[in-house]
Amino acid sequence: MIFEKLQGLIAAPFTPMDNNGAINLTIIPDYYRFLKHNKITGAFICGSTGEGVSMSTDEKKQIAKVWADCTNDDPDFKVMLFLGGTSITDCKELALYAKQIGLYAISFTAPFYFKPANVDMLAKACAEIAAVVPDMPFYYYHIPVLTGVGLAMYDLLQAVDGKIENFAGVKYTHEDFMDFLSCMNFKDGKYDMLWGRDENMLSALVLGTKGAVGSTFNYAAPLYYDMIDAFENNNLKKANSLQQQSIDIIRLLGKYGGIATGKAYMKVVGIDCGEFRLPVKNMDSNQFEHFKSDVAALDFNTFKSNAPH
């Protein structure tokens with residue numbers, strides 16, 4: 001089975017929450033239009049950035065349905081639903097639902113409580129879920145910093161090749177460039193390798209990646225497209241400088257407590273997604289004022305994503 005390889009910037013959207021921490025579906029249509037305006041080519045929903053592991057199966061279905069309703073008439077915008085990683089039963093239920101509502105693809109990560117003992121066990125888990133939607137692209141989500149499962153993706157490709165016909169590729173959120181390049185070259189580039197580390201995307205461009213999934217694409221897409229253009233035009237000095245600006249943006253996430261800082265960036269660009277759910281720490285109002293000052297010092301307005309006029 002041959003699937004098209006995804007290209008461009010695919011955002012990992014934040015899940016909008018209201019003041020009580022409930023999902024806020026009303027924001028999603030405008031969120032989609034915002035991403036389209038900034039040339040985003042797809043959305044990886046309910047992933048790490050989207051707090052999928054903090055939501056119920058029913059909540060993920062509600063979110064997926066709204067994204068499907070927004071995008072099903074847009075063949076140039078691909079939506080991939082992250083199913084989860086701990087309950088294979090829930091993952092299969094969500095996979096069937098994603099197919100029912102017309103989403104483009106599904107994704108699954110390694111079980112991170114009862115971890116797979118080896119790559120063969122991981123491949124079996126992938127196969128069981130992929131089999132319920134055999135004509136839908138299935139992507140493995142490799143993020144060992146969160147799952148604690150650091151198996152080589154080259155080994156996984158070897159284990160699934162010829163056995164999972166709808167295995168389309170890997171969302172690769174790790175820094176092992178040797179493994180990543182080996183995956184890109186596997187069977188003459190058979191599988192779609194999507195880069196997932198925004199802060200070293202330039203290095204992945206050097207290796208030939210054409211598609212990337214990231215959280216900072218939500219609010220700084222123009223910076224990354226400028227970096228891609230600079231790289232493709234062999235202006236490596238400019239590309240280097242833009243990657244450093246990306247790193248400076250991401251450093252503020254660490255300064256202000258981690259992943260929830262991304263929702264603060266979204267407030268700066270005009271989309272209020274509320275706060276992250278427990279146990280993630282959110283910044284208070286005083287910290288947010290300091291954060292805005294730090295963001296302004298980055299000259300953020302020159303490369304931030306902008307709302308449609």
Compare every heavy atom of Ser215 with every heavy atom of Asn218, then report the nearest pair and how far apart it is. ND2-O, 2.7 Å
Which value, rounded to the nearest 0.5 Å, describes the distance between Leu202 atom CG and Ile228 atom CD1? 10.0 Å
Check: Asn282 main-chain N/O paired with Glu275 side-chain donor or acceptor under 3.5 Å: no
When you compare the side chain of Asp76 with that of Thr41, does any pair of heavy atoms fall below 4.5 Å? no
Heavy-atom donor-acceptor pair, Lys60 side chain to Val53 backbone, under 3.5 Å: no
Would you kindly confirm whether Tyr172 and Ile10 end up in one hydrophobic cluster when ILVMFWY residues are joined by side chain heavy atoms under 4.5 Å apart? no
NZ on Lys304 to CG on Leu298, rounded to 0.5 Å: 13.0 Å
Are more than 12 heavy atoms, taken from residues, nucleotides or ligands other than Asp135, located less than 6.0 Å from that residue's CG atom? yes
Quick one: do Lys65 and Asp69 satisfy salt bridge (charged side-chain N to carboxylate O under 4.0 Å, His left out)? Show the steps, please. CA-CA 6 Å; Lys65 183 64 165 63; Asp69 291 344; 2.9 Å; yes
Would you mind reporting whether Arg197 and Val145 have side-chain heavy atoms less than 4.5 Å apart? yes
Side chain to side chain, Ser293 and Glu289, heavy atoms closer than 4.5 Å: no
Quick one: does Glu199's side chain get under 4.5 Å of Leu253's, heavy atoms only? no
Step by step, work out the side chain to side chain contact (heavy atoms under 4.5 Å, CB included) result for Leu81 and Leu83. CA-CA 6 Å; Leu81 173 63; Leu83 307 174; 4.1 Å; yes
Applying a strict under-4.5 Å side-chain criterion to I, L, V, M, F, W and Y, I'd like to know whether Phe231 and Met193 cluster together. yes
Would you check if Ile259 and Glu51 make a side-chain contact, meaning some heavy-atom pair closer than 4.5 Å? no
Between the side chain of Asn166 and the main-chain N/O of Phe138, is any donor-acceptor distance below 3.5 Å? no
Quick one: CG on Leu194 to NZ on Lys5, what's the gap to the nearest 0.5 Å? 10.0 Å
For Asp58 and Lys61, run salt bridge (charged side-chain N to carboxylate O under 4.0 Å, His left out): C-alpha distance rounded to whole Å, both residues' side-chain angles, the deciding distance at 0.1 Å, then the answer. CA-CA 5 Å; Asp58 182 64; Lys61 285 183 177 180; over 6 Å; no
Is it true that a side-chain atom of Lys115 and a backbone atom of Val149 form a donor plus acceptor pair closer than 3.5 Å? no
Quiz question: by atom type and distance under 3.5 Å, do the side chains of Lys237 and Asn240 form a donor-acceptor pair? no
Name each donor-acceptor pair under 3.5 Å that joins a side chain in residues 150-161 to protein atoms two or more places apart or in another chain, with its distance.
residue	atom	partner	partner atom	Å
Asp161	OD1	Lys190	NZ	2.5
Asp161	OD1	Tyr191	OH	2.6
Asp161	OD2	Lys187	NZ	2.3

Quick check: closest heavy atoms across Met136 and Leu103, and the distance to 0.1 Å? CE-O, 3.1 Å
Quick check: do Phe14 and Phe276 have side-chain heavy atoms less than 4.5 Å from each other? yes
Between OG1 of Thr15 and CD1 of Ile45, what distance do you get to the nearest 0.5 Å? 8.0 Å
Same cluster or not: are Tyr139 and Trp67 linked, directly or through other Ile, Leu, Val, Met, Phe, Trp or Tyr residues, by side-chain heavy atoms under 4.5 angstrom apart? no
Whether Arg251 and Asp248 form a salt bridge (side-chain N of Lys/Arg under 4.0 Å from carboxylate O of Asp/Glu) is what I want to check. yes
Establish whether Leu236 and Leu207 are linked, either directly or via other cluster members, by ILVMFWY side-chain heavy-atom contacts under 4.5 Å. yes
Side chain of Asp198, backbone of Thr216: donor and acceptor closer than 3.5 Å? yes
Check against side chain to side chain contact (heavy atoms under 4.5 Å, CB included), Thr71 and Tyr104: CA-CA 10 Å; Thr71 62; Tyr104 174 73; over 6 Å; no
Main chain of Glu59, side chain of Ser56: is a donor-acceptor contact present, judged purely on distance under 3.5 Å? yes
Common cluster, Leu35/Phe303, ILVMFWY with side-chain heavy-atom separation under 4.5 Å: yes
Side-chain heavy-atom pair Leu6, Asp192 within 4.5 angstrom cut-off: yes
With rounding to the nearest 0.5 Å, note down the distance linking CD in Glu165 to CZ in Phe3. 9.0 Å
Partner of Trp195 under ring-ring contact (aromatic ring centres under 6.0 Å, His included), picked from Tyr224, Phe217, Phe177, is Phe177
Measure across Tyr140 and Cys126 and return the closest heavy-atom pair with its distance rounded to 0.1 Å. CD1-SG, 3.9 Å
Stepwise side chain to side chain contact (heavy atoms under 4.5 Å, CB included) test for Ile23 and Met17: CA-CA 4 Å; Ile23 56 174; Met17 305 284 184; 4.0 Å; yes
For the student: nearest non-hydrogen atoms of Phe82 and Cys46, plus distance: CD2-O, 3.0 Å
Which heavy atom of Tyr32 sits nearest to which heavy atom of Cys70, and what is that distance? CE2-O, 3.5 Å
What one should report as the nearest heavy-atom pair of Ser48 and Ile143 is OG-CD1, 3.8 Å
Is there a side chain to side chain donor-acceptor pair (under 3.5 Å) between Tyr141 and Thr147? Walk through the geometry before answering. CA-CA 10 Å; Tyr141 179 15; Thr147 63; over 6 Å; no
Identify, with sequence neighbours excluded, every residue that meets side-chain contact (heavy atoms from CB on, under 4.5 Å) alongside Lys238. Ala230, Asn235, Leu242
Any luck finding a side-chain donor-acceptor pair between Asn38 and Tyr219 under 3.5 Å? no
Between CE on residue Met266 and CZ on residue Phe34, distance to nearest 0.5 Å: 5.0 Å
Any side-chain to backbone donor/acceptor pair from Lys78 onto Gly42? Under 3.5 Å, distance only. no
Sub-3.5 Å donor-acceptor pair from the side chain of Asp284 to the main-chain atoms of Asn286, do we have one? yes
Measure the shortest side-chain to side-chain distance between Leu94 and Ile106 over non-hydrogen atoms and say whether it is less than 4.5 angstrom. no
CA sep, side-chain torsions, deciding dist, call: Tyr265, Phe300, ring pair (Phe, Tyr, Trp, His ring centres under 6.0 Å): CA-CA 10 Å; Tyr265 270 114; Phe300 185 62; 5.5 Å; yes
Crowded around Lys163 NZ? As in, over 12 foreign heavy atoms under 6.0 Å? no
Does the Asp272 side chain pair with the main chain of Ile27, one donor and one acceptor, at a distance under 3.5 Å? no
NZ/Lys36: more than 12 non-hydrogen atoms of other groups inside 6.0 Å: yes
Phe288 vs Tyr256, ring pair (Phe, Tyr, Trp, His ring centres under 6.0 Å): CA-CA, chis, key distance, verdict: CA-CA 9 Å; Phe288 183 61; Tyr256 287 94; 9.3 Å; no
Should we say atom CG of Asp73 is surrounded by more than 12 heavy atoms from elsewhere, each under 6.0 Å from it? no
